[in-house]
Amino acid sequence: MPAKALRASANPLERFLEASYWLTVAAALGVAFLLQLARGTFSDFFLDALIAAWSLGLYFFPARRPYWRRFVHTLGLLPLFAYYVAQNPTLIPPDFKNEAYAVLAIFPINVAALTLGLAGALAALALAAAMALLYFHWPDPPELFAMAWLLSALLGASYHELLRRLESYHERLHHQALRDALTGLGNRRAMEEDFARMQGLAQRTGRRLVLTLWDLDDLKGINDRNGHQAGDQALRDLADALRQSTRRGDGVYRTGGDEFAGLHLDLRDPDALFERVRERFPGVSVGWIDATASDFETAFRSADERLYQEKGRRNHRPG
């Protein structure tokens, strides 16, 4: 997997599996080339070159779900390795040919377990056990040991896949719990978490944390005149205006109803930010305070008071 894609993956287990898989493939190909050089079997270089090309092609192929790429890779390697074993009578003794083919078939089954989750792992376990009973000479000790190793590998794959999927599910739930469904902005809970982090950063580095509170003017009138769909669209438009007007690194949130908020490190001119937002969405009011030394509830309440003072001044302004 390309380094950029590896860095983009947020799942440590997936990064580990991806790196381990392709490092194993590279090591196996390297050993195969060295063995052929030592034996002088240059006729097999074409097959190894084909395997290497297949591996490189999939390694650099962009994939949103890398484990499917690993599965496709193993399925493509299966006939090539089977041919390799069949064409090399000195590679594996004749008495162990059946075991070799069974192992070749079991290899993609293990990867399928990682790809298809717990249900796929259990199905792969049953299939692998049936193949082992069919090909191995039960109950010779070497075959018993191989069977125990196979079962352990499949159960381990199932366990890791289950953990991976639970971690992914937990991340999705956590993300949804911190998002406002209508606008896609963070919600009040997300703001509280970010406030603690950004305030700590501001205090450690001697910077200023500004909290802004925004209110969509006359949302009730928009709903009454044009319906709730128009009101929802106005909320989404204000959210977009806030996203486009704030800096990278600022936090923007919908805290409820027609109220939005922002957290800004080193915002030197809040009035200029207000004007940028009003250029994109005129019907908005703002109140802001320096929240560097205040707790969240105090800062939020103070910004709310400033907001309604500003709305009062605007409503009583002549003309």
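It should be emphasised that the depicted structure is a prediction, and the values quoted were computed from it without experimental measurement. In what follows, every heavy atom counts, from backbone to side chain, and hydrogens, waters and symmetry copies are set aside.
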ask   = Shared ILVMFWY cluster between Phe60 and Ile51, side chains joined below 4.5 angstrom?
value = yes
request  = Starting from the C-alpha separation in whole Å, work towards a yes-or-no answer on salt bridge (charged side-chain N to carboxylate O under 4.0 Å, His left out) for Arg197 and Asp194.
outcome  = CA-CA 5 Å; Arg197 175 180 55 82; Asp194 290 348; 3.4 Å; yes
task = Please tell me if the side chains of Val286 and Pro270 come closer than 4.5 Å, counting only heavy atoms from C-beta onward.
result = no
ask   = Do Val210 and Ile289 have side chains that get closer than 4.5 Å, going by heavy atoms?
value = no
request  = Mind checking the CH2-CG spacing from Trp214 to Leu238? Nearest 0.5 Å is all I need.
outcome  = 8.5 Å
request  = Locate the shortest heavy-atom distance separating Arg243 from Gly184; write the atom from each residue and the value.
outcome  = NH2-C, 3.7 Å
Flag for Tyr253-Asp180: side-chain donor and acceptor within less than 3.5 Å = no
Note, Val284 side chain near Asp215 side chain (heavy atom, < 4.5 Å) = no
note = The reported gap from OG in Ser245 to CZ in Phe281 (rounded to nearest 0.5 angstrom) is 11.5 Å
query = Looking only at heavy atoms, which two atoms of Leu213 and Ala303 are closest? And how far apart?
reply = CD2-C, 3.9 Å
inquiry  = Assess, by modelled atom type and distance only, whether the side chains of Arg306 and Gln309 contain a donor and an acceptor separated by less than 3.5 Å.
reply    = no
message = Ignoring hydrogens and geometry beyond distance, is a side-chain donor-acceptor pair present between Thr255 and Asn187 at under 3.5 Å?
response = no
key: Under 3.5 Å donor-acceptor, Thr246 side chain and Leu242 backbone   = yes
message = Under a 3.5 Å distance rule, please check whether Glu310 uses its side chain to pair with a backbone N or O of Gly287 as donor and acceptor.
response = no
ask   = Are the side chain of Arg204 and the backbone of Gln199 linked by a donor-acceptor contact shorter than 3.5 Å?
value = no
query = Any cation-pi pair here, Arg188 with Phe300, using under 6.0 Å and within 45°?
reply = yes
message = Please give me the minimum heavy-atom distance between Ser285 and Asp217, naming the atom from each residue.
response = OG-OD1, 2.9 Å
Hydrophobic cluster membership, Trp288 vs Val252, 4.5 Å side-chain cutoff = yes
query = Side chains of Asp240 and Arg280: does their closest heavy-atom pair fall under 4.5 Å?
reply = no
Kindly list each side-chain donor-acceptor pair under 3.5 angstrom involving residues 256-264, sequence neighbours excluded, with atom names and distances?
unit_1, atom_1, unit_2, atom_2, d
His264, ND1, Asp250, OD2, 3.1
His264, NE2, Thr212, OG1, 2.8

key: Sidechain N-carboxylate O distance under 4.0 Å for Arg225, Asp218   = yes
key: Heavy-atom check, side chain of Asp290 versus side chain of Leu209, under 4.5 Å   = no
inquiry  = Please tell me whether Leu185 and Val277 are part of a single hydrophobic cluster in this structure, the criterion being side-chain heavy atoms less than 4.5 Å apart.
reply    = yes
message = Whether the Gln233 and Asp237 side chains hold a donor-acceptor pair (N or O, under 3.5 Å, no angle test) is what I'd like checked.
response = yes
key: Test side-chain contact (heavy atoms from CB on, under 4.5 Å) applied to Leu235 and Leu216, step by step   = CA-CA 7 Å; Leu235 291 169; Leu216 193 158; 3.8 Å; yes
key: Leu178 side, atom CG; Arg189 side, atom CZ - distance, nearest 0.5 Å   = 5.5 Å
key: More than 12 heavy atoms from other groups under 6.0 Å of CZ on Arg247   = yes
task = Could you give me the CA-CA distance, side-chain angles and deciding distance for Met191 and Leu211, then say whether side-chain contact (heavy atoms from CB on, under 4.5 Å) is met?
result = CA-CA 10 Å; Met191 183 183 180; Leu211 187 154; 3.7 Å; yes
ask   = Are Leu219 and Leu182 joined in one hydrophobic group, where the rule is that I, L, V, M, F, W and Y side chains link up if heavy atoms are under 4.5 Å apart?
value = yes
Atom pair CZ/CZ of Arg268 and Arg208 - distance to nearest 0.5 Å = 9.5 Å
task = Working to the nearest 0.5 Å, report the span between OH of Tyr59 and CH2 of Trp22.
result = 9.0 Å
Evaluation steps, side-chain contact (heavy atoms from CB on, under 4.5 Å), between Glu297 and Glu192 = CA-CA 9 Å; Glu297 292 298 337; Glu192 291 178 5; 4.2 Å; yes
ask   = Any salt bridge between Asp266 and Arg207, counting N to O under 4.0 Å?
value = yes
ask   = Does the pair Arg236/Asp232 count as a salt bridge with the N-to-O cut at 4.0 Å?
value = no
ask   = Could you give the distance from CZ (Phe274) to CD (Glu279), rounded to the nearest 0.5 Å?
value = 11.5 Å
